[in-house]
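Here the structure is a predicted model, which is why all the values come from computation and not from measurement. One-based numbering, in listed order, for ligands and for the atoms of each. Values below: all heavy atoms of this structure, side chains included; hydrogens, waters and symmetry mates excluded.
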Amino acid sequence: MLTDYHVHLRRDLVEARFDETFSAANVERYRAAADEAGIAELGVSEHMHRFEQCLAIWDHPFWREQATDDIERYCAYVREKTDLRLGLEVDYVPGREDRTQNLIERCELDFVIGSVHFLGDLAVDWERYDIWETARSPEAVWRRYFETLAAAARSGLFDILAHPDLVKMWGPERPAPNGDLRRYYEPALEAIAETGIAIEVSTAGLRKPVAEIYPSPAFLAGALEAGAPIALSSDAHVPEHIGFGYDRALELLDGAAVRELAVFERRARRLEPIGA
Ligand SMILES: [Zn+2]
Ligand SMILES: [Zn+2]
């Protein structure tokens, strides 16, 4: 069974309206794309920062600008009007774990995807609030990124760690440190081993300057050694990206002897064979 859990019905535009986004017509476009790609298990995971309630966690200016929807309305729509699995993509905000937990508990979710996009107020994957402009060195950003990812895993808030090596997103535009990158992965892999959290294999990186799947084969090998189950996703923000690049992802997984994918229901996890 193939999955796509990291899916946004909402486009990354402030002006996208709730009623257009969460509508039968829009859901139908995503479901049709999933059927076409042979993806039986389809979930949605809107960004926490889309919901006005998120400002109780963090009041970053980007969140203030984006937080227009009501989280309970979103959850009710997905539960009552669709057959999609209900999830959220939630930024890990260090020190705000309790507030994050309170919001996650507002809905009975099937799964929660934890992300690290920001280190402090600056983003690793975005030109606005770009951390790379003022960064001391790639080494400093990479070290802090994976330490924060480790803390996200240990927070216990999340079922899945999103795009685990997102810090590489810019590819040659913001070069990675030299040499074997496994020294940076280490803290995150330790946390993954301790917590048993699932990690995402995401084809979104194929659409970005780095043009690679998240995570790298070396990170994936480390995570598998740590016992991590794998969640497969595209991070689609439009229906055309559902299952994007899955042939490449399945090749990677096959090469790493991954035969099962994690499937979630009301935050309980089970494994399903990929081929079935
Ligand atoms: Zn993300
Ligand atoms: Zn996403």
Side-chain angles (χ1 to χ4, degrees), residues 3-14 16 21-22 26 30 33-34 39 42-51 54 57-58 60 62-63 66-67 69 71 74 78 84-94 100 104 109-119 122-131 141 145-146 148-149 151-153 155 157-171 188 197-210 212-216 219 231-246 249 262 264:
T3 64
D4 202 342
Y5 278 140
H6 191 152
V7 169
H8 302 272
L9 292 176
R10 226 181 189 307
R11 288 173 184 255
D12 272 344
L13 299 168
V14 187
T21 302
F22 302 102
N26 196 34
Y30 279 78
I39 294 163
L42 187 62
V44 284
S45 53
E46 295 307 328
H47 285 291
M48 180 63 103
H49 65 242
R50 290 295 188 175
F51 303 109
C54 78
I57 302 175
W58 200 29
H60 191 284
F62 172 60
W63 284 30
Q66 297 279 315
D69 293 346
I71 195 168
Y74 159 67
V78 175
L84 305 173
R85 294 269 179 242
L86 174 59
L88 281 174
E89 177 177 11
V90 182
D91 274 79
Y92 173 61
V93 185
T100 305
I104 287 173
L109 299 165
D110 289 311
F111 60 95
V112 181
I113 302 177
S115 296
V116 176
H117 304 101
F118 283 91
L119 300 175
L122 300 175
V124 297
D125 64 334
W126 202 24
E127 277 152 339
R128 281 176 78 191
Y129 314 107
D130 189 353
I131 197 166
V141 177
Y145 173 81
F146 285 104
T148 308
L149 193 69
S155 72
L157 292 165
F158 313 122
D159 303 303
I160 302 167
L161 274 187
H163 36 62
D165 58 352
L166 180 73
V167 69
K168 74 181 177 184
M169 191 279 272
W170 292 105
I197 193 167
I199 70 144
E200 181 177 85
V201 166
S202 167
T203 57
L206 294 171
R207 307 191 299 267
K208 299 291 161 63
V210 71
E212 289 174 14
I213 287 172
Y214 306 119
S216 67
F219 188 105
L232 175 62
S233 288
S234 68
D235 206 346
H237 288 67
V238 290
E240 297 73 43
H241 288 160
I242 294 279
F244 178 89
Y246 268 28
F264 296 86

Subject >> Check: His163 ring centroid to His6 ring centroid under 6.0 Å >> reply: yes
Original post:
Do His241 and His8 make the cut of ring centroids closer than 6.0 angstrom?
Top reply: no
**OP:** Could you count the protein N, O or S atoms found under 2.8 Å away from the Zn ion (ligand 2)?
**Re:** 4
Original post:
Is the shortest side-chain N to carboxylate O distance from Arg10 to Asp69 below 4.0 Å?
Top reply: yes
Original post:
Does the side chain of Thr21 come under 3.5 Å of the side chain of Asn26 through a donor N or O and an acceptor N or O?
Top reply: no
Subject >> Sub-6.0 Å ring centroid separation between Phe62 and Trp126 >> reply: yes
Subject >> Residues that Asp235 engages under salt bridge (charged side-chain N to carboxylate O under 4.0 Å, His left out), provided they are two or more places apart >> reply: none
